[in-house]
Every structure is written in structure tokens, then in C-alpha cells.
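All values below come from the heavy atoms of this structure, side chains included, with hydrogens, waters and symmetry mates left out. Everything numeric in this text was worked out from a predicted model, so none of it was measured.
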Amino acid sequence: MKRSDINDIIRDGDRFIRSFGYILPPFAYWDPDRMAAPEAARLRDRGLGWDITDYGAGRFDEMGLFLFTTRNGTFADLSTGRGMLYAEKIMISRKDQLSPMHRHNIKAEDIINRGGGTLVIELFSAAPDGGIDRTAPVTVPVDATAVTLPAGGHLRLQPGESVTLMPGVWHAFWAEGADCLIGEVSTVNDDRTDNVFEQPIGRFANVDEDEPPVHLLVSDY
């Protein structure tokens with residue numbers, strides 16, 4: 001992705017988020033020098049901030065996601081069962097923009113439609129070897145009520161609705177009808193190590209530095 005495109009996506013995404021009354025934390029607007037300074041060490045260490053990805057495929061409009069991580073604990077806390085055991089993100093899925101099929105080994109997450117279009121999530125159970133089980137039904141809590149779908153079934157979340165995805169549940173998602181604002185509340189998140197994709201793709205974008213960054217991405221840290 002060109003850095004100029006990333007800068008535009010950040011600006012447009014911030015406006016979209018604000019249109020729903022959601023305000024990002026002050027550190028979202030720190031310039032690159034301040035984000036690289038010692039005072040930002042905790043933010044960098046925990047992967048907080050902007051995350052614009054095309055999964056290394058170079059087709060952001062077709063396959064990509066806008067994310068901003070607002071808070072995050074550490075796996076050290078998680079392993080002891082004490083401390084900051086949670087994370088939170090705000091995300092934007094553009095209309096018909098795919099976030100490709102993947103699962104997490106450790107992270108459990110609530111995915112929440114915060115507004116805009118319908119959020120469509122394709123779901124599969126995990127096979128014993130961790131791969132995709134293309135025959136077994138999958139059961140997930142939708143706002144704490146169990147919903148069972150056939151393998152590869154499409155769960156449609158309207159604004160205000162949420163689903164809980166436990167580790168191992170395979171999922172892909174996209175927005176239908178209009179761009180969608182998505183909330184994610186989860187256990188500790190590490191996007192460098194805890195994403196298993198169906199296809200051999202990357203988690204972060206490859207950046208062409210055609211202009212200076214307006215804000216650093218977590219992949220820049």
C-alpha cells in the first residue's frame with residue numbers, strides 16, 4: 001500500500017468513527033516523532049494505535065480492514081490470570097471488503113456491530129488438527145443466546161448486535177449494504193503471533209513510502 005493511501009484512509013476513517021459519536025483517545029493524534037519517543041514505549045509495546053492492512057495483497061478495497069487498538073494487556077498478564085487481561089479495538093469494514101478467513105489460538109473476542117451496514121460473518125468449526133471442519137455445524141453466542149449455523153453459514157449482525165468467538169473458531173467477515181463500524185472486545189491481543197489464516201497471506205501491509213506518515217501504524221513500531 002502507498003503511504004499516501006494509508007494517510008487518506010486514516011483521515012477518512014477518523015471522520016467515519018466520529019460520525020457515530022465515538023472519539024479516539026488523544027494518543028491517536030500524536031505525530032510520528034512523539035509516537036517514537038520514550039513516553040510512548042508502553043503504547044508501542046502493547047501494539048496500541050493505527051492498523052491499516054491489506055493483508056499484503058495490495059487490494060485494500062477488496063480485501064482489507066481498518067483497525068485502531070485502544071487498549072491491550074500482555075500475554076504475561078494472561079498467563080498469570082491477573083492484571084490487564086483484555087483488549088479493545090474499533091474497526092471499519094468497508095462495504096463488500098473482505099477480512100479473510102482466519103482463527104486465533106489464544107484470543108476470545110466479542111465482535112460488535114456499532115453502526116452502519118450489516119456485518120456478515122462466515123463461520124466454521126475447527127477440525128481436530130486445527131484446520132477448517134467443512135461439515136460440522138458451528139454454535140456461537142449472539143448477545144449471549146446460542147445460535148447454531150451449518151458449516152460456512154453466514155451470521156448477519158445488525159447495528160447493536162454482537163457475537164462471541166472463542167479461540168479456534170474460523171471466521172471471515174465483510175460489511176453488507178454500507179460501511180460498518182465494528183467494536184472488538186477481547187482477551188489480550190497479539191496480532192504478530194495469534195492470527196492463523198486459511199490462505200498464505202500476511203497480517204500487515206507492505207508500505208510504499210511515497211510520502212511521510214501522518215501517524216505511525218502499529219506495524220511501523
Side-chain angles (χ1 to χ4, degrees), residues 1-32 34-35 43 46-72 87-100 102 109-122 143 154-163 165 171-186 189 191 195 203-208 210-221:
M1 296 182 70
K2 292 183 177 180
R3 181 69 73 169
S4 57
D5 291 334
I6 291 170
N7 288 341
D8 288 342
I9 291 166
I10 286 175
R11 295 185 187 102
D12 291 344
D14 187 37
R15 286 191 290 268
F16 183 76
I17 290 169
R18 285 176 177 269
S19 74
F20 291 91
Y22 187 106
I23 308 298
L24 292 171
F27 70 81
Y29 307 105
W30 289 6
D31 63 30
R34 187 173 182 186
M35 188 57 77
L43 301 176
R46 296 179 180 232
L48 304 186
W50 303 95
D51 183 1
I52 313 300
T53 185
D54 63 357
Y55 301 98
R59 298 180 284 111
F60 179 78
D61 289 340
E62 300 172 34
M63 187 170 74
L65 190 62
F66 172 112
L67 311 93
F68 188 96
T69 302
T70 57
R71 66 201 78 241
N72 195 15
E88 181 187 29
K89 294 179 181 178
I90 192 76
M91 306 184 290
I92 301 169
S93 183
R94 295 185 175 185
K95 179 184 175 183
D96 301 325
Q97 181 189 45
L98 176 67
S99 290
H102 65 286
E109 57 188 340
D110 278 7
I111 302 296
I112 308 145
N113 185 337
R114 294 294 191 193
T118 300
L119 180 60
V120 184
I121 306 176
E122 184 178 11
D143 295 325
H154 289 179
L155 178 68
R156 285 178 163 80
L157 299 179
Q158 301 304 318
E161 293 184 318
S162 68
V163 62
L165 302 178
H171 53 288
F173 58 88
W174 59 92
E176 190 174 77
D179 295 354
C180 186
L181 186 67
I182 305 167
E184 178 185 301
V185 177
S186 74
N189 173 82
D191 280 316
N195 292 280
R203 169 58 181 81
F204 300 105
N206 300 312
V207 181
D208 175 6
D210 64 328
E211 70 178 35
V214 62
H215 299 297
L216 295 182
L217 304 178
V218 296
S219 54
D220 293 321
Y221 299 163

Pairwise distance [atom1]([X]) to [atom2]([Y]) - rounded to 0.5 angstrom:
{"X": "Ile9", "Y": "Asp14", "atom1": "CD1", "atom2": "CG", "answer": "13.5 Å"}
{"X": "Asp51", "Y": "Asp191", "atom1": "CG", "atom2": "CG", "answer": "6.0 Å"}
{"X": "Ile6", "Y": "Asp54", "atom1": "CD1", "atom2": "CG", "answer": "7.5 Å"}
{"X": "Ser162", "Y": "Arg114", "atom1": "OG", "atom2": "CZ", "answer": "8.5 Å"}
{"X": "Arg94", "Y": "Phe16", "atom1": "CZ", "atom2": "CZ", "answer": "10.0 Å"}
{"X": "Ile52", "Y": "Leu217", "atom1": "CD1", "atom2": "CG", "answer": "6.5 Å"}

**Asked** Are side-chain N/O atoms of Glu88 and Thr69 paired as donor and acceptor at under 3.5 Å?
**Response** no
**Asked** Which one of Ile112, Leu119, Leu65, Leu181 satisfies the side chain to side chain contact (heavy atoms under 4.5 Å, CB included) criterion with Met91?
**Response** Leu65
**Message:** Which residue is it: Arg46, Lys89, Arg71? I am looking for the one with a side chain to side chain contact (heavy atoms under 4.5 Å, CB included) to Asn189.
**Reply:** Lys89
Which pair of heavy atoms, one from [X] and one from [Y], lies closest together, and at what distance?
{"X": "Ser99", "Y": "Tyr55", "result": "OG-OH, 3.6 Å"}
{"X": "Leu98", "Y": "Ala172", "result": "CD1-CB, 4.2 Å"}
{"X": "Pro159", "Y": "Gly116", "result": "CG-O, 3.6 Å"}
{"X": "Arg34", "Y": "Asp31", "result": "N-OD1, 2.8 Å"}
{"X": "Ala178", "Y": "Lys95", "result": "C-CB, 4.0 Å"}
{"X": "Arg203", "Y": "Thr53", "result": "O-OG1, 2.7 Å"}

**Message:** So, applying ring pair (Phe, Tyr, Trp, His ring centres under 6.0 Å) with His215, which one of Trp50, Phe68, Trp30, Phe27 is it?
**Reply:** Trp50
**Prompt:** Can you find a pair of side-chain heavy atoms, one from Gln158 and one from Thr118, that are under 4.5 Å apart?
**Reply:** yes
**Message:** Any heavy-atom pair between the side chains of His154 and Trp174 that's under 4.5 Å?
**Reply:** yes
**Request:** Take Asp208 and Arg3, measure what side chain to side chain contact (heavy atoms under 4.5 Å, CB included) needs, and give me the verdict at the end.
**Result:** CA-CA 6 Å; Asp208 175 6; Arg3 181 69 73 169; over 6 Å; no
**Asked** Yes or no on salt bridge (charged side-chain N to carboxylate O under 4.0 Å, His left out) for Arg11 and Asp8, after CA distance, side-chain angles and deciding distance?
**Response** CA-CA 5 Å; Arg11 295 185 187 102; Asp8 288 342; 3.2 Å; yes
**Asked** Is the His171 ring parallel, tilted or perpendicular to the His102 ring (thresholds 30°, 60°)?
**Response** tilted
**Request:** Start with the C-alpha gap between Val207 and Met1, add the side-chain angles, then the distance that decides, and say whether side chain to side chain contact (heavy atoms under 4.5 Å, CB included) holds.
**Result:** CA-CA 5 Å; Val207 181; Met1 296 182 70; 5.5 Å; no
May I ask you to decide if [Y]'s main-chain N or O and [X]'s side chain share a donor-acceptor pair within less than 3.5 Å?
{"X": "Asn113", "Y": "Gly117", "result": "yes"}
{"X": "Gln97", "Y": "Phe60", "result": "yes"}
{"X": "Asp110", "Y": "Glu184", "result": "no"}

**Prompt:** Taking it one step at a time, do Phe173 and Val163 satisfy side chain to side chain contact (heavy atoms under 4.5 Å, CB included)?
**Reply:** CA-CA 12 Å; Phe173 58 88; Val163 62; over 6 Å; no
**Message:** Quick one, Lys2 with Asp210, criterion salt bridge (charged side-chain N to carboxylate O under 4.0 Å, His left out). Give me CA distance, side-chain angles, the key distance, then yes/no.
**Reply:** CA-CA 6 Å; Lys2 292 183 177 180; Asp210 64 328; 5.1 Å; no
**Asked** Quick one: do Asp12 and Arg15 make a salt bridge, cutoff under 4.0 Å?
**Response** yes
**Message:** Apply side chain to side chain contact (heavy atoms under 4.5 Å, CB included) to residues Tyr22 and Thr70 and explain how you reach the verdict.
**Reply:** CA-CA 12 Å; Tyr22 187 106; Thr70 57; 3.7 Å; yes
